[in-house]
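Working notes, structure below.
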Amino acid sequence: MRAGSGLANPGVADSPGDGPAVRVRIAPSPTGPLHIGTARTALFNYLFARRTGGTFILRLEDTDLERSTPAYEKDILEGLRWLGLGWDEGPGLPGELDRGPYGPYRQMERLARYASISAGLLADDKAYYCYCTAAELDAERKRLEAARLAPRYSGRCAHLSAAERAAFEAEGRRPAIRFRIEPGSVVFDDLVRGRVQIDASALGGDLVIVRAGGTPLYHFCVVVDDAAMKISHVIRGEDHLSNTPKHILLFRALGEAEPRFAHLPLILNPDRTKMSKRKSQTAVDDYIGEGFIREGMVNYLALLGWSTGSEEEILGIDEIAARFSLEHIQKGGAVFDRERLEWLNGQWIRRLSPTELVDRLRPFLQEEADGARIDRLPADSELELLMPLVQERLPVLGAIGDLVDFLFSEHIDLDPAQLVPKRWDRATALDGLGYARVTIGEVAQADFEPDQLEAPLRALAEARGWKAGDLFMTIRVAVTGRTATPPLFQTLVALGRERVLGRLDSAIVLLAAGAREGGQE
RNA sequence: GCCCCCAUCGUCUAGAGGCCUAGGACGCCACCCUUUCAAGGUGGAGAUCAGGGGUUCGAAUCCCCUUGGGGGCACCA
């Protein structure tokens, strides 16, 4: 038994009580980048393990040789780590060589085990060799489809004689191995949905568990491994609900105890179909690339299909783990709402310390530099001063460029039209910039502070009968090239006296040139 | 086609028979704050709890049916 978790959580109804220790797993297949749905499933497993004092295991289901790649494997591991979902057993652990008491945790390294177990099933006649070719099976499926019948294997290799098998072998056919689905009804108590009953006749006939090529298939591996790794709770997406009876039948055939099952509601596209790459942004990497932070992502994902049962919602992963319970999992699917994710992300960005925020922003600034949108990479000390100006303006870290690029590049793009506030005409803007140039020029380098700038500029506006906001806007555009920026006076200080004056001069020149060409106004 | 699951504001959800003339959050709309943009504050619109039958003194909550939606049915995972 592992850590005395039962003692720590006497009231957890989901826990198996005095039963076996809680062991849960996330079993991604490295056939694509880490998917939002996988991340959410991993998170729920992680939370359940933490809540119950159980063990969280990572296992790679890499038996699809066609599509699995080391690059995807790396992406998935890094993504899970990025989210803060550390696993207790599995590949890539600091301890080296992926082990743990039940390894290896990569299915392609467990082939011997699958082979011996499938041999056992064959010996017990719980499985048999099937010589049907892909083309034959395909034709059979099409025939059923045309007759508007459910696709299902006929079972024509279920009782071959030795002579028939020999004949197929002589033809050069290589057999797959099929598991016999015996008639009957399979019932299980899903921890989220309650009692589920499915008749074996609806399972599509005898199931291929080993390919003709010899590699094992998912439904088989998942059961062999869950049994071998002593998984106590299988927490996974609802898309596996209908497959569960197959797994249960396999557990029984293997003489292994069945784990408890908990099927999570699906994450949906806006049209309420299962979230897909085609209709939604599904790669966790892409969200990281935009500047979503782990705290926001975890908080959002946890609340997709689960709730505290109260009105709390901004919660860190430990707070979530402390409140987590399978009972509060929603049954219906949940549409992925990016707006809400952004809001939550902004909430967490605002909670970061300035130094922490600088650290997280650095890669995004680097990207700005790489893209030549800024000329130089600012130093940490310089950035820290800026944090109060940008922190509450960042829904995602990737928005940093738009907020500060004018500070770190010598050239800014100016749209002359934007230099003229709505209530003003071009001549007034020219006037405003001219007077502002003089006023700011009168503020000495030593006095170049927000308050020292604001007072005289407000006085200027009043003296000329302008609304201060209009004057500030034309200055803002002149020195930043943008109409939306952090507060003006702090921005001026961040830019520095010389650059402010230089940009005002350039703006005046630009506007004056436009006035000559554009005629009267 | 067959099997399974699901169903509260546009979205995420609270709600486990009376506390609900259904609460919160995102988004949206106003107003306040304000030099812009944000942030923050206040207020508002927004759900006949999919529909219909029951059960009950009483139902969003329990049961049944209908409708709608989704998922699964590979020598993919």
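These numbers come from the heavy atoms of this one structure, side chains and all, not from hydrogens, waters or symmetry mates. Proteins come first, then strands; the chains are lettered A, B, ... in the order of their sequence lines, and each starts at number 1.
In this structure A:Asp415 satisfies the salt bridge (Lys or Arg N to Asp or Glu O under 4.0 Å) test with no other residue, sequence neighbours excluded. Partners of A:Arg156 according to the side chain to side chain contact (heavy atoms under 4.5 Å, CB included) rule, which considers only residues two or more places apart in sequence or in another chain, are A:Cys132, A:Glu136, A:Glu140, A:Tyr153, A:Ser154. Listed by chain and number, the residues in a salt bridge (Lys or Arg N to Asp or Glu O under 4.0 Å) with A:Lys74 are A:Glu78 (sequence neighbours excluded).
If you check residues 383-396 of chain A against RNA chain B, the residues with a heavy atom closer than 4.0 Å are A:Glu392, A:Arg393, listed by number. Residues of residues 468-475 of chain A that place a heavy atom closer than 4.0 Å to RNA chain B, in numerical order, are A:Gly469, A:Phe472, A:Met473. Contacts between residues 61-75 of chain A and RNA chain B, defined by a heavy-atom separation below 4.0 Å, involve A:Glu61, A:Thr63, A:Asp64, A:Arg67, listed by number. The stretch residues 299-313 of chain A touches RNA chain B through A:Leu303, A:Leu304, A:Gly305, A:Ser307, A:Gly309, A:Glu311, A:Glu313, each having a heavy atom under 4.0 angstrom from the strand.
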ask   = Between A:Leu85 and A:Ile317, does a side-chain contact (heavy atoms from CB on, under 4.5 Å) hold up when you go through it step by step?
value = CA-CA 9 Å; A:Leu85 307 181; A:Ile317 193 165; 3.8 Å; yes

request  = Show the numbers, then the answer: is there a salt bridge (charged side-chain N to carboxylate O under 4.0 Å, His left out) between A:Arg143 and A:Glu145?
outcome  = CA-CA 5 Å; A:Arg143 206 178 318 122; A:Glu145 220 166 89; over 6 Å; no

message = Using the rule given for side-chain contact (heavy atoms from CB on, under 4.5 Å), can you reason through A:Val493 versus A:Leu453, listing the C-alpha separation, both sets of side-chain angles and the distance that settles it, and then say yes or no?
response = CA-CA 9 Å; A:Val493 172; A:Leu453 288 161; 3.9 Å; yes

task = Apply the test salt bridge (charged side-chain N to carboxylate O under 4.0 Å, His left out) to residues A:Arg360 and A:Glu356: give CA-CA distance (whole Å), side-chain angles for both, the deciding distance (0.1 Å), then the verdict.
result = CA-CA 6 Å; A:Arg360 308 245 195 151; A:Glu356 180 65 26; 2.7 Å; yes

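Separation of atoms OG1 (A:Thr133) and CD (A:Glu171) is listed at 9.5 Å; rounding is to 0.5 Å.
Within the nucleic acid shown, A:Ala334 comes within 4.0 Å of sugar-phosphate atoms alone, with no base atom in reach, counting heavy atoms only. Here A:Lys422 lies out of heavy-atom contact (under 4.0 Å) with every strand. Residue-level contact check: A:Cys132 touches the bases, meaning some heavy atom is under 4.0 Å from a base atom. No engagement by A:Arg482 is indicated, since no non-hydrogen atom pair under 4.0 Å with the nucleic acid exists. A:Arg193 comes within 4.0 angstrom of the backbone, heavy atoms only, and of no base. A:Asp239 comes within 4.0 angstrom of sugar-phosphate atoms only, judged by non-hydrogen atoms across all strands, and of no base. Residue-level contact check: A:Pro245 touches neither bases nor backbone, having no heavy atom under 4.0 Å from any strand. Within 4.0 Å (heavy atoms only), A:Leu488 reaches at least one base atom of the nucleic acid. In this structure, A:His35 reaches neither bases nor backbone, as no heavy-atom distance under 4.0 Å exists between it and the strands shown. Nucleic acid contact for A:Arg148: sugar-phosphate only, since backbone atoms but no base atoms lie under 4.0 Å from a heavy atom of the residue. A:Pro265 comes within 4.0 angstrom of nothing in the nucleic acid, heavy atoms only.
B:G72 and B:A59 have their C1' atoms separated by 34 Å, given to the nearest Å. Comparing the same atom, P, in B:U34 and in B:U8 gives a spacing of 43 Å after rounding to whole Å. Taking atom C1' in both B:U55 and B:C62, the straight-line distance is 8 Å, to the nearest Å. With both ends at atom P, the span from B:G68 to B:A25 equals 35 Å, rounded to whole Å. To the nearest whole angstrom, the two C1' atoms, one in B:C73 and one in B:C26, are 37 Å apart. For the P atoms, the distance linking B:A22 with B:U61 amounts to 15 Å, nearest Å. The gap from the C1' atom of B:C33 to that of B:U42 amounts to 11 Å, rounded to the nearest Å. Taking the C1' atom of each, B:C5 and B:G10 are spaced 24 Å apart, rounded to whole Å.
Searching all strands for a Watson-Crick or G-U wobble partner of B:C2 with both distances below 3.5 Å returns B:G72. In this structure B:G46 sits in no base pair that meets the Watson-Crick or G-U test at under 3.5 Å. The partner of B:G10 is B:C26, by the rule that a Watson-Crick or G-U pair needs both atom distances under 3.5 Å. For B:C33, there is no paired nucleotide, since no Watson-Crick or G-U wobble pair has both relevant distances below 3.5 Å.
At distances below 3.5 Å, not a single donor-acceptor pair connects side-chain atoms of A:Ser68 with backbone N or O atoms of A:Leu65. Looking at A:His35, its side chain does come within 3.5 Å of a backbone N or O of A:Gly37 through a donor-acceptor pair.
Residue order along RNA chain B, read from the 5' end via each residue's closest nucleotide, puts A:Gly333 first among A:Gly333 and A:His219. Of the two residues near RNA chain B, A:Ala202 and A:Thr483, the one whose nearest nucleotide lies more 5' is A:Ala202.
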Please report, to 0.1 Å, the donor-acceptor pairs under 3.5 Å made by any side chain of residues 460-470 of chain A, with sequence neighbours excluded.
| unit_1 | atom_1 | unit_2 | atom_2 | d |
| --- | --- | --- | --- | --- |
| A:Arg464 | NH1 | A:Tyr435 | OH | 3.0 |
| A:Asp470 | OD1 | A:Arg423 | NH2 | 3.1 |
| A:Asp470 | OD2 | A:Arg423 | NE | 2.9 |
| A:Asp470 | OD2 | A:Trp424 | NE1 | 3.4 |

Name the atoms and distances for all side-chain donor-acceptor pairs under 3.5 Å in residues 187-195 of chain A, with sequence neighbours left out.
| unit_1 | atom_1 | unit_2 | atom_2 | d |
| --- | --- | --- | --- | --- |
| A:Asp190 | OD1 | A:Val192 | N | 2.8 |
| A:Asp190 | OD1 | A:Arg193 | N | 2.9 |
| A:Asp190 | OD1 | A:His263 | N | 3.3 |
| A:Asp190 | OD2 | A:His263 | N | 3.2 |
| A:Asp190 | OD2 | A:His263 | ND1 | 2.6 |
| A:Arg193 | NE | A:His263 | O | 3.2 |
| A:Arg193 | NH1 | A:Lys331 | O | 3.4 |
| A:Arg193 | NH2 | A:His263 | O | 2.9 |

All N/O donor-acceptor pairs, side-chain side in residues 386-404 of chain A, below 3.5 Å, sequence neighbours left out:
| unit_1 | atom_1 | unit_2 | atom_2 | d |
| --- | --- | --- | --- | --- |
| A:Gln391 | NE2 | A:Ile349 | O | 2.9 |
| A:Gln391 | NE2 | A:Leu352 | O | 2.6 |
| A:Arg393 | NE | A:Leu389 | O | 2.7 |

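Side-chain polar atoms of A:Ser29 and A:Asp64 form no donor-acceptor pair below 3.5 angstrom.
First and last contacting nucleotides of RNA chain B toward chain A (any atom under 4.0 angstrom from a heavy atom, 5' to 3' order): B:G1 to B:A77.
With A:Tyr300 as the partner, the ring pair (Phe, Tyr, Trp, His ring centres under 6.0 Å) test is satisfied by one option alone out of A:Phe292, A:Phe336, A:Tyr287: A:Phe336.
The stretch residues 176-185 of chain A participates, sequence neighbours left out, in these salt bridge (charged side-chain N to carboxylate O under 4.0 Å, His left out) pairs: A:Asp125-A:Arg180.
Below 30°, between 30° and 60°, or above 60°: for A:His240 and A:His247 the angle between ring planes is between 30° and 60°, a tilted geometry.
Within the cation-pi definition used here (under 6.0 Å to the ring centroid, within 45° of the axis), A:Arg351 qualifies as a partner of A:Trp348.
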